[in-house]
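This report concerns only the one structure given below.
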Amino acid sequence: MIFINFTLSLLYIRRALSCFIFHPPLLSTLPPFLTKRLNYAEPTLHTRSLSSSFSSLCLNSSQWQPLSAPKAKSPSFLSPATSAGGKKAQRRSGGIRCSSEAADEAQVSVLTKAKIPTKLKAVVTINLTIGGIFSHVGMTRGLDDFADLMGRSLYLELLSKEIDPKNGSERKPVGAYAHKIGNNTTEAKYEGEFTIPQDFGGIGAILVTNEHHKEIRLKDIVLTTDDDEASSFTIDCQSWVHSKFDNHDKRIFFTSKSYLPSDTPAGLKSYRDKELKALRGSGTGERKPFERIYDYDVYNDLGDPEIHPDNARPVIGGSKQFPYPRRCRTGRPKLKSDPKVEKRAGNFYIPRDEAFSEIKQAQFSAKTLRSVMHAVVPSINSALVDKNKSFPYFTAIDSLFDEGLILGDQGGNAGGAFSTVIPRLIKAVSEADDFLLRFEIPEMMERDKFSWFRDEEFSRQTLAGINPLSIQLLTEFPIVSKLDPKIYGPAKSGITKEIIEREIRGYMTVEQALKEKKLFILDFHDLYLPYVNKVRTLENTTLYGSRTIFFLNPDDTLRPIAIELTRPKSPTKPHWSQVFANSWDATGTWLWRLAKAHVGAHDSGYHQLVSHWLRTHCCAEPYIIAANRQLSAMHPIYRLLFPHFRYTMEINALARESLINAGGIIEGGFSPGKYSVELSSVAYAQLWRFDMEALPADLIRRGMAVEDPTAEHGLRLTIKDYPYAADGLLIWSTIKQWVTDYVNQYYESSAQVIEDPELQAWWAEIRNVGHGDKKDEPWWPVLNSTDSLIGILTTIIWTVTGHHAAVNFGQYHYAGYFPNQPTTARVNLPVEEGEPADRMTQFMIRPENELLKCFPSQIQASVIMAVLDILSSHSPDEEYLGVGPEAAYAAEPAVQAAFERFSGRLKEIEGIIDGRNLDVGLKNRCGAGIVPYELLKPFSEAGVTGKGIPTSISI
Ligand SMILES: [Fe+2]
């Protein structure tokens with residue numbers, strides 16, 4: 001009833017207003033903003049060309065024309081919006097965009113010189129969004145329409161940069177309502193007018209109060225004096241603004257001028273501090289979806305044993321047993337049965353502006369990933385029924401690409417709906433209620449279907465595959481474990497001098513090979529061995545510790561020469577270990593293949609849990625949280641890092657929800673099963689060091705490079721044709737140069753770095769809280785100079801760009817055909833001591849069966865392939881490194897020039913990498929049927945391309 005009455009009221013008001021339109025004399029009796037609205041002929045709006053006017057953004061008093069001055073030309077028609085989904089979408093507190101060197105400073109002084117109060121107009125652009133205002137019907141929509149009509153839905157307050165010299169306090173803000181003047185299909189415009197006092201000073205920020213009942217997505221605010229287009233400047237907001245009915249606090253948007261804390265204009269100091277305080281929150285209560293609070297928590301929401309006892313998982317992070325980086329705090333209720341564990345029900349909160357753009361949500365990654373996990377995966381499970389069933393023949397694996405898998409409808413999701421969301425996977429609809437899951441042929445299989453079977457490809461991928469971060473130089477012999485021999489058996493490896501010298505056919509002695517840096521190792525012994533007995537209690541999986549030795553050929557290719565698989569003793573079985581080598585006899589060759597399959601699974605687990613999840617996604621989250629809590633939006637380092645942090649918190653929340661959770665995709669498809677995340681914690685404890693996340697340091701630590709001032713990038717590679725390292729150093733050096741130029745623009749001396757309280761608080765919080773389980777390690781860089789700042793920033797940016805791209809976007813190319821990179825190895829070798837006797841019998845009759853039984857089951861393979869397809873995809877609105885400078889960069893000509901050099905160099909690198917991939921002398925990246933190494937090529941098209949370095953981790 002209330003709604004009907006309200007609707008009638010609205011109709012009455014509209015009808016009344018229409019009378020004014022048709023009775024011009026009455027028009028003059030209306031408030032100016034209403035007459036303006038009614039005179040608005042089209043439901044479209046005008047906006048300024050941002051770039052055109054900023055060269056004249058010297059808003060000094062002489063240029064601020066009185067109201068009687070000639071009007072500017074009619075502004076151009078509203079350009080198609082960067083919708084709410086534009087990937088540059090979310091931002092904290094925006095900035096003014098301008099192109100004039102002196103623009104921002106100049107506009108400070110303009111108003112101070114004004115002799116009379118100056119009129120200022122603000123045009124606010126709001127993205128029309130799926131979830132925001134204008135998106136709904138019902139009571140609040142009606143109220144919001146009414147508020148819009150009355151011009152009281154958006155209240156703006158201009159803040160002066162200056163304090164009042166008379167009393168030393170901040171000047172009173174100048175406020176006005178902005179009233180709606182129209183909208184098109186993507187944007188709505190609001191306009192407000194301000195009268196600026198003569199002694200107001202430059203505008204440093206705008207406060208926004210959203211009086212709608214729903215949040216709005218604020219794109220920008222264009223300020224113009226007296227309709228003089230040449231005077232306009234834009235505050236780039238790109239942020240969600242909560243409704244005042246949810247939170248009374250006003251939102252602040254600063255200009256694009258970056259300030260170190262010590263340079264903050266006096267009038268903005270308290271606002272700078274207050275904004276950071278709000279972003280830090282109180283550390284209590286459950287976070288609500290509209291909030292922007294950044295806080296820390298441990299990984300205590302991976303499983304809920306109250307839903308099922310099998311879902312109990314230990315808390316990861318915050319203990320000596322399971323150290324880990326922190327995640328974003330959600331504040332959800334804890335379990336009654338275990339107050340240390342957070343309930344998984346409800347919202348996986350992330351701060352509002354960290355959410356995926358609506359393009360991403362509506363069209364791509366997030367939705368497709370959710371579709372795969374919530375609908376396709378159950379469909380696969382239901383269609384294949386037997387979760388442990390192996391592929392009966394290799395041709396059955398091929399049929400996933402040729403014929404596909406018919407899946408029934410699950411929960412009303414007809415194939416048609418899936419096929420629009422994931423067209424690469426859903427090829428055709430067989431019937432109304434069924435759909436066909438058919439996979440694209442992975443690049444590696446397309447080029448050479450049999451390469452996965454060969455030793456040279458097995459080796460090549462340690463240098464140019466999706467996990468090029470595990471291979472290391474063997475520097476000591478014999479190989480010795482660091483584990484306790486009382487528990488885990490003999491420390492000394494079974495790979496003897498005799499075995500190696502036999503396998504290299506007397507080419508040289510082991511001593512010579514070590515001296516000449518010819519021996520390399522994939523060492524998955526100490527990490528996995530403590531988990532072997534635990535994993536072996538799980539169904540449908542097994543585990544070994546493994547060591548694989550490679551010999552470096554004169555042409556820079558590697559040859560695998562020995563694999564050692566080890567089982568520690570258990571209550572029921574003794575320690576067992578065996579060394580395998582390739583052989584000229586059939587039995588030996590098949591055992592070698594089985595051993596390689598196990599190493600492949602170990603490598604897959606390390607790749608996904610350590611090289612990918614832990615070292616990029618997971619370790620980056622504390623950098624993001626700390627930046628938002630400690631660095632003001634007007635801090636230059638915040639603005640440098642901001643584009644590199646976009647969407648990472650959301651993809652990480654999605655990972656907690658469905659990938660790394662109890663019973664999730666990772667546990668279901670990888671050898672360590674429910675111990676997967678625990679293992680990544682062990683890797684964090686044993687291996688992770690911030691200083692070693694820098695590419696050069698990582699290469700040196702693994703013996704893959706040595707410092708050499710005469711070499712390019714100051715490093716000489718141990719294997720010159722090491723594609724990840726060779727291309728990675730190009731990207732690393734280019735990032736470092738850009739960061740150096742940027743830092744030098746804002747810090748004139750190391751003292752300024754030391755004395756910057758926000759910067760020091762940011763770094764201290766990363767060490768002491770976000771990575772607090774490692775806070776006492778001696779290797780943390782000390783932030784006491786511009787050089788150390790450049791090193792820290794380059795390391796962070798490399799981690800979330802080059803490093804992540806190298807391990808992420810080739811996943812389907814290389815692991816889409818799972819025999820090449822099986823995520824799990826499910827059965828022990830038939831020769832393992834204590835295996836049933838008939839296993840060896842069956843192996844001798846049909847060894848291929850043993851390999852197929854060892855590979856992932858049909859369900860595991862299908863699910864992982866579907867997920868890897870999505871994870872390897874670039875979204876249509878992907879932003880690549882060096883593309884599209886931030887508004888704040890454009891505001892500083894020296895920074896803009898440095899960014900253009902950065903961007904230009906990345907384009908050059910494209911060509912350099914293309915050239916390398918055509919060089920037949922580089923056999924690890926160029927050869928018959930070989931997938932060229934493009935994972936560190938900076939740019940890409942949308943989709944699964946195996947190349948492209950996005951600006952941030954968003955998938
Ligand atoms: Fe990723």
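Atoms within a ligand are numbered from 1 in the order they appear, just like the ligands themselves. Only heavy atoms go into these numbers, but all of them, side chains included; no hydrogens, no water, no symmetry mates.
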(Q) I'd like to know if Asp727 and Lys937 make a salt bridge, using a cut-off of under 4.0 Å between side-chain N and carboxylate O. (A) no
Q) Can Arg460 and Glu457 be counted as an ion pair, charged N to O under 4.0 angstrom? A) yes
Q. The Fe ion (ligand 1): which protein N, O or S atoms are under 2.8 Å away?
A. His612 NE2, His617 NE2, His804 NE2, Asn808 OD1, Ile955 O
Q. Could you give all pairs that pass the salt bridge (charged side-chain N to carboxylate O under 4.0 Å, His left out) test and reach residues 795-809, with sequence neighbours left out?
A. none
Sequence neighbours left out, cut at 3.5 Å: what donor-acceptor pairs do the side chains of residues 664-677 make with other protein atoms?
{"residue": "Glu667", "atom": "OE1", "partner": "Arg313", "partner atom": "NH2", "Å": "2.7"}
{"residue": "Glu667", "atom": "OE1", "partner": "Gly663", "partner atom": "N", "Å": "2.9"}
{"residue": "Glu667", "atom": "OE2", "partner": "Arg313", "partner atom": "NE", "Å": "2.8"}
{"residue": "Ser671", "atom": "OG", "partner": "Thr824", "partner atom": "OG1", "Å": "3.2"}
{"residue": "Ser671", "atom": "OG", "partner": "Ala825", "partner atom": "N", "Å": "3.2"}
{"residue": "Ser676", "atom": "OG", "partner": "Gly673", "partner atom": "O", "Å": "2.7"}

Q | Greater than 12 external heavy atoms within 6.0 Å of Lys736's NZ | A | no
Q: With sequence neighbours excluded, tell me which residues meet ring pair (Phe, Tyr, Trp, His ring centres under 6.0 Å) with Tyr814.
A: none
